[in-house]
There are 2 protein chains.
Amino acid sequence: MSRPISIAVHGGAGTILPELLTPALEKEYKHHLQLAIDTGHQLLSSGESALVAAAAAVSVLEDCELFNAGKGSVFTAEGQHEMDAAIMCGKTLEAGSVAAVTGIKNPIQLAHRVLTHSEHVMLIGKGAEQFAKEHGLKFENPEYFFNQYRYDQWQQLKGTKKFQLDHSEAIRDRKHGTVGAVCLDLQGNLAAATSTGGMTNKQYGRVGDSALIGVGNYANNKTCAVSCTGSGEFFIRSVVAYDISALMEHTGMSLEKAAEKVIHQRMLQEGDGGVIAVDRFGNIAMPFNSAGMYRAAKKNNEPTFVAIYK
Amino acid sequence: MSRPISIAVHGGAGTILPELLTPALEKEYKHHLQLAIDTGHQLLSSGESALVAAAAAVSVLEDCELFNAGKGSVFTAEGQHEMDAAIMCGKTLEAGSVAAVTGIKNPIQLAHRVLTHSEHVMLIGKGAEQFAKEHGLKFENPEYFFNQYRYDQWQQLKGTKKFQLDHSEAIRDRKHGTVGAVCLDLQGNLAAATSTGGMTNKQYGRVGDSALIGVGNYANNKTCAVSCTGSGEFFIRSVVAYDISALMEHTGMSLEKAAEKVIHQRMLQEGDGGVIAVDRFGNIAMPFNSAGMYRAAKKNNEPTFVAIYK
């Protein structure tokens, strides 16, 4: 039997209900999730590393304005787009992360560059942008990131102290805008990649879980690769991604059981969201405790699983 | 028997050797470690929370220019002082963290304010400074943070791509400048607090482990409170603080064994530094794999332990 390959992606979780999405929009979301899977799977099939495949799959979602990451990033209180991203290699435990970066087309590619070309793990703000310039990362002007729907969301909150992770209940639904990918490659290596456009009307340079290694993103060949999406503060306080890995390592629990246990029992009760995770056998788990999570997965040459609701 | 109280503090780890410190300087370091212990212990004895005591002990070290945190922070590549701090409550798992803040007299007090007064866990840069202004935190001008010794360190690296965690071997020794405190209070609650002035000549908005919950700082009444000091990138990739907690929780290992195992066996080999940790019984562990670590501890009314070398 040939070695397994696996990929799973997510495009955020939250109060995503059938009555809130038109059939046309649902189809569009699924189309882009499929595109991300296809991109990553093709790379994995051709022998490319989990790290490169995960970054490529996340880039596809960053380039789609439906998701709150890259092009589709929400507006901060100052009307800007501040993005976070992180990536980790399960073989070497090398990691790269950026927070509060503006104007970068694909923050996940910048995080990847930090992993490969920096002595540091985490770079933020103007410093991270400087590093991006020196390494030839692609920048886009504010028009590229402009989106009428996101702008209207911001206008409803602008000038108030309110913020929201993506859409709030008050406006339409409650959704945690993040995208992510986890992969197992032909060499048996795992990788996880996560990217987000933050919260609408966010202030104070808030950083959520997505940029934090061990919290919103983690990979270790011994156990699993995990990418989170949810109410970042609760995910941070519960150290969610590493918690799944530690449970597997110390108790011998399966990926599926460990991921379920962390999301449904161990995470702080107020925490809302989910994870995608893959282990070294190619098993995939995608538990969430919210109404929905944009998600898709493909193992070997099995058909792609794509879903939005529970 | 009355309930136990415990406190441990550190002032950084690294290549700290007797031949590199004069007896007078050694005495001064020990004096300030003792002062930090006394401040925290007095608060704990009077029934104050572990959270308040840990923040107070760290503030004492931030106010001393010997340590790379607060007043004694090193110079960045731009000749500024960018500081990080984090604090966590073991009872509620509430946490507060700030990174890349400039001009704040006591970053740990700002992190504490984030914990108590913000819906967020982590704030960075100008946004965190804005939050500090709105909450009346004390600011100091650049002269307050000026220190000839730190300035001379910077002059030797300025204009180069080199950076160092505090003093590098090239200049004098290799020391990871961070301060921290862990406490157990009379109510049986744990807390951890960590603060750093970063690396001399650091660029690109680098953030180390100190500001990261679960990585450089973690507290959970179920297990322990931990504050790390060391080569931040390796501590991040090994999720050091939460790794100690998870080992204790899942394998029933004692605090001492778990802390030793993580520092000497589980952490990435290139990792250099140590931790201070306390459990809910008041046991204290302070393992490190570098030549020295500025450290002190006091349990109940036992004499204070103060040490620098192995």
Side-chain angles (χ1 to χ4, degrees), chain A residues 76-78 82 88-89 92-95 97-101 114 118-132 134 161 163 199 202-209 211-215 218 220 232-243 245-247 249-251 253 268, chain B residues 76-78 82 88-89 92-95 97-101 114 118-132 134 161 163 199 202-209 211-215 218 220 232-243 245-247 249-251 253 268:
Chain A
T76 66
E78 285 80 33
E82 278 187 3
M88 188 162 185
C89 171
T92 61
L93 302 184
E94 289 175 309
S97 141
V98 293
V101 294
V114 172
S118 170
E119 296 176 85
H120 304 310
V121 168
M122 186 174 193
L123 306 181
I124 64 174
K126 298 281 165 233
E129 291 160 22
Q130 179 61 31
F131 179 87
E134 292 175 17
K161 290 273 175 192
F163 55 87
M199 302 187 315
K202 82 164 173 159
Q203 295 178 292
Y204 303 131
R206 177 257 189 189
V207 174
D209 63 314
L212 306 182
I213 299 299
V215 170
Y218 185 72
N220 190 329
E233 278 69 14
F234 299 104
F235 279 64
I236 296 174
R237 293 163 56 196
S238 302
V239 200
V240 167
Y242 193 67
D243 201 37
S245 174
L247 257 189
E249 183 182 357
H250 299 314
T251 72
M253 209 176 271
L268 284 158
Chain B
T76 65
E78 285 79 35
E82 279 187 2
M88 188 161 185
C89 171
T92 61
L93 301 184
E94 289 175 310
S97 143
V98 294
V101 295
V114 172
S118 170
E119 295 176 84
H120 304 310
V121 168
M122 186 174 194
L123 306 181
I124 64 175
K126 297 282 165 230
E129 291 161 21
Q130 179 60 31
F131 179 87
E134 291 175 17
K161 290 273 173 192
F163 55 86
M199 302 187 316
K202 84 163 171 159
Q203 295 176 293
Y204 303 130
R206 177 256 188 189
V207 174
D209 63 314
L212 306 183
I213 298 300
V215 170
Y218 185 73
N220 190 330
E233 279 68 14
F234 299 104
F235 279 64
I236 296 175
R237 292 163 55 196
S238 303
V239 200
V240 168
Y242 193 67
D243 200 37
S245 174
L247 258 188
E249 181 181 357
H250 298 314
T251 72
M253 209 177 271
L268 284 157

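A, B, ... follow the sequence lines: proteins, then strands. Residue 1 opens every chain.
- Contact annotation for Glu94(B): both backbone and side-chain heavy atoms come within less than 4.5 Å of a heavy atom of chain A.
- If you measure heavy-atom distances from Leu212(A) to chain B, the contacts under 4.5 Å come from the side chain alone.
- Contacts of Asp209(A) with chain B are absent, with no heavy-atom separation under 4.5 Å from either backbone or side chain.
- Of the two parts of Tyr218(A), only the side chain, counted from C-beta on, holds a non-hydrogen atom closer than 4.5 Å to a non-hydrogen atom of chain B.
- The heavy-atom pair separating Ile124(B) from Ala100(A) by the smallest distance is CD1-CB, 3.6 Å.
- Contact of Asp243(B) with chain A is made through backbone and side chain together, with heavy-atom distances under 4.5 Å.
- Annotation: side-chain hydrogen bond (donor to acceptor under 3.5 Å, both in side chains) contacts of Thr251(A) (sequence neighbours excluded): none.
- Your options are Lys126(A), Glu119(A), Glu78(A), Glu129(A), and the one with the most heavy-atom pairs under 4.5 Å with chain B is Glu119(A).
- Heavy-atom distances place both the backbone and the side chain of Leu247(B) under 4.5 Å from chain A.
- Checking Glu134(A), His120(A), Gln130(A) one by one against Tyr204(B), the side-chain hydrogen bond (donor to acceptor under 3.5 Å, both in side chains) holds for a single residue, Glu134(A).
- For a residue to count as touching a neighbouring chain, one of its non-hydrogen atoms must lie under 4.5 Å from one of that chain's; by this rule Val215(A) touches chain B with the side chain only.
- Under the 3.5 Å distance criterion, the side-chain polar atoms of Arg237(B) are left unmatched by any main-chain donor or acceptor of Val121(A).
- Contact count against chain A (heavy-atom pairs under 4.5 Å) is highest for Glu249(B) among Met88(B), Gln203(B), Glu249(B).
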